[in-house]
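Some notes on the structure that comes next.
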Amino acid sequence: MNFNEKVWELTKKIPFGRVSTYKELANALNAKAYQAVGNALNKNPYAPVVPCHRVVKSDGTLGGFATGCENKIKLLEQEGIMIKENRIVDFEKKMIRFGTVQNVSDF
DNA sequence: CTAATGACATTTG
DNA sequence: ACAAATGCCATTA
């Protein structure tokens, strides 16, 4: 299993209504290649399978999207995530950390 | 193998 | 707070 497949598998595990960051994704894979994570998501062949729109930058901004960041915003809003000025609202609460159980009550 | 690239991150001006 | 510069790691040419 190469690095990209790991990234995609992990991305598929992001639950509905939550988001994660490239850095946390790489950290969960025990690697530091956050940029390579974004690179993998960019050319992922599992476009509809992998919820790439739930992956954002570490500071809460959206980052990029293959089919346009506007589309990314729409997808996230469909999942109940509010976007303000290209930034995720309550990002700290929405962000998921793999390996740690998150509190669902505040969402 | 070497060089260039990117949906990034961190530091600096 | 914003923009530029630098560092980073896997992938690709």
Side-chain angles (χ1 to χ4, degrees):
Chain A
M1 182 181 272
N2 50 35
F3 185 82
N4 292 10
E5 295 189 15
K6 288 183 187 177
V7 173
W8 299 323
E9 289 298 313
L10 200 53
T11 306
K12 282 194 296 188
K13 292 172 188 161
I14 302 178
F16 187 91
R18 307 301 290 266
V19 297
S20 184
T21 70
Y22 301 95
K23 186 175 186 178
E24 283 297 323
L25 231 52
N27 186 36
L29 293 175
N30 208 21
K32 304 155 206 167
Y34 3 90
Q35 188 148 35
V37 172
N39 216 337
L41 288 177
N42 174 28
K43 27 189 155 160
N44 77 89
Y46 307 96
V49 185
V50 179
C52 348
H53 57 277
R54 297 186 190 144
V55 185
V56 297
K57 300 220 302 185
S58 62
D59 53 352
T61 57
L62 288 182
F65 200 58
T67 61
C69 56
E70 303 298 327
N71 199 345
K72 189 171 186 174
I73 295 178
K74 286 184 179 179
L75 287 169
L76 288 175
E77 287 182 339
Q78 285 179 12
E79 307 207 352
I81 299 178
M82 298 185 302
I83 311 297
K84 189 69 177 179
E85 295 297 315
N86 217 53
R87 188 167 295 225
I88 292 187
V89 181
D90 294 331
F91 168 67
E92 308 253 335
K93 297 178 183 176
K94 308 292 184 188
M95 186 183 77
I96 198 178
R97 282 195 193 186
F98 295 92
T100 65
V101 182
Q102 294 277 313
N103 191 354
V104 196
S105 58
D106 58 349
F107 128 87

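Chain letters run A, B, ... following the sequence lines, proteins first, then strands; residues in each count from 1.
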*How would you give the extent of chain A contacts on DNA chain B, as first and last nucleotide 5' to 3' within a 4.0 Å heavy-atom cut-off?*
B:dG6 to B:dT10
_Heavy-atom pair with the smallest gap, counting every atom of A:Val37 and A:Ala26_ = CG2-CB, 3.7 Å
*How is A:Cys69 classified with respect to the nucleic acid when contacts are heavy atoms under 4.0 Å: base, sugar-phosphate, or nothing?*
nothing
*Non-hydrogen atoms of A:Leu62 and A:Cys69 that approach each other most closely*: CD1-O, 4.5 Å
*Can you get from A:Trp8 to A:Tyr34 by hopping between Ile, Leu, Val, Met, Phe, Trp and Tyr side chains that sit under 4.5 Å apart?*
yes
*What nucleic acid atoms does A:Asn4 come within less than 4.0 Å of, heavy atoms only: base, sugar-phosphate, or nothing?*
sugar-phosphate
*Is A:Phe65 touching bases, backbone alone, or none of the nucleic acid, heavy atoms closer than 4.0 Å?*
base
*Any chance you could lay out the side chain to side chain contact (heavy atoms under 4.5 Å, CB included) test for A:His53 and A:Glu79, step after step, and finish with the verdict?*
CA-CA 10 Å; A:His53 57 277; A:Glu79 307 207 352; 2.9 Å; yes
*asked:* Both A:Ala33 and A:Arg87 contact DNA chain C. Taking the nearest nucleotide for each, which residue is further toward the 5' end?
replied: A:Arg87
_Is it the case that atom CG in A:Asn2 sees more than 12 heavy atoms from other parts of the structure closer than 6.0 Å?_
yes
*When A:Val55 is tested against each of A:Val7, A:Ile14, A:Thr21 for side chain to side chain contact (heavy atoms under 4.5 Å, CB included), which residue passes?*
A:Ile14
*asked:* Does A:Asn27 reach a base, just sugar-phosphate, or nothing at all? Heavy atoms under 4.0 Å.
replied: nothing
_Over all atoms of both residues, closest heavy-atom pair of A:Ala47 and A:Cys52_ = O-SG, 4.1 Å
*asked:* Reading DNA chain C in the 5' to 3' direction, which nucleotide is the first one with an atom under 4.0 Å from a heavy atom of chain A, and which is the last?
replied: C:dC8 to C:dT12
*Can you name the nearest heavy-atom pair linking A:Lys94 to A:Gly80, along with the distance?*
NZ-O, 4.4 Å
